[in-house]
Amino acid sequence: MKKLDASKVHSAAAKAMNEFHAGIVSEVERAVGEHDVVVVGMAQNPVVKKARKVLGAKGVQYHYIAHGSYSSKWKERLAIKLWSGWPTFPMVFIKGTLIGGCAELEALIASGEFDTMLA
């Protein structure tokens with residue numbers, strides 16, 4: 001995905017962007033730094049539930065962060081999306097690296113790369 005070049009963002013806009021729900025973003029950053037596997041999601045999302053179920057079936061301990069549902073906390077989730085660059089939930093992090101969502105998690109497990117990354 002192409003991103004707007006930073007030189008094309010006015011300093012006032014950049015400041016507003018950096019401050020947009022900064023506490024929520026800091027919470028995710030902290031969790032990603034403290035836990036080997038982090039899943040960021042939201043209530044009522046079946047794909048988030050599936051990713052958590054996949055990890056559970058594999059016996060992997062993970063830290064889960066949920067922000068709202070389809071009808072609440074969309075701005076907080078938007079801040080996390082803007083920070084990560086990933087457009088959907090769940091967001092799955094392994095050892096600080098965003099691997100993507102549920103489909104990417106399943107592909108990494110099937111290929112064996114998940115275990116390598118976690119080791």
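Starting from 1, each residue takes its place in the sequence as its number.
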Can you give me every donor-acceptor pair (side chain of residues 44-57, partner residue at least two apart or in another chain, under 3.5 Å) with its distance?
| from | atom 1 | to | atom 2 | distance (Å) |
| --- | --- | --- | --- | --- |
| Asn45 | OD1 | Val47 | N | 2.8 |
| Asn45 | OD1 | Val48 | N | 3.2 |
| Arg52 | NE | Tyr62 | OH | 3.1 |

* Under 3.5 Å, is there a donor-acceptor pair linking the side chains of Ser72 and Trp74? -> no

Measure across [X] and [Y] and return the closest heavy-atom pair with its distance rounded to 0.1 Å.
X     : Y     : result
Phe89 : Met42 : CD1-SD, 4.3 Å
Ala22 : Asn18 : CB-O, 3.9 Å
Ala31 : Val38 : O-CG2, 3.4 Å
Ile65 : Val28 : CD1-CA, 4.1 Å
Ala79 : His21 : CB-CB, 3.6 Å

* Set of residues satisfying side-chain hydrogen bond (donor to acceptor under 3.5 Å, both in side chains) with respect to Glu19, sequence neighbours excluded -> Lys15

* Identify, with sequence neighbours excluded, every residue that meets side-chain hydrogen bond (donor to acceptor under 3.5 Å, both in side chains) alongside Glu27. => His67

* Asked: Using the ring of each side chain (for Trp, its six-membered ring), is His63 parallel, tilted or perpendicular to His35, with breaks at 30° and 60°?
  -> parallel

* Asked: Out of curiosity, Glu104 CD to Trp86 CH2, how far, rounded to the nearest 0.5 Å?
  -> 4.0 Å

* Would the number of heavy atoms belonging to other residues, nucleotides or ligands and lying under 6.0 Å from CD of Gln61 be above 12? -> no

* To do: Answer yes or no: does atom NZ of Lys75 have more than 12 heavy-atom neighbours from other residues, nucleotides or ligands under 6.0 Å?
  => no

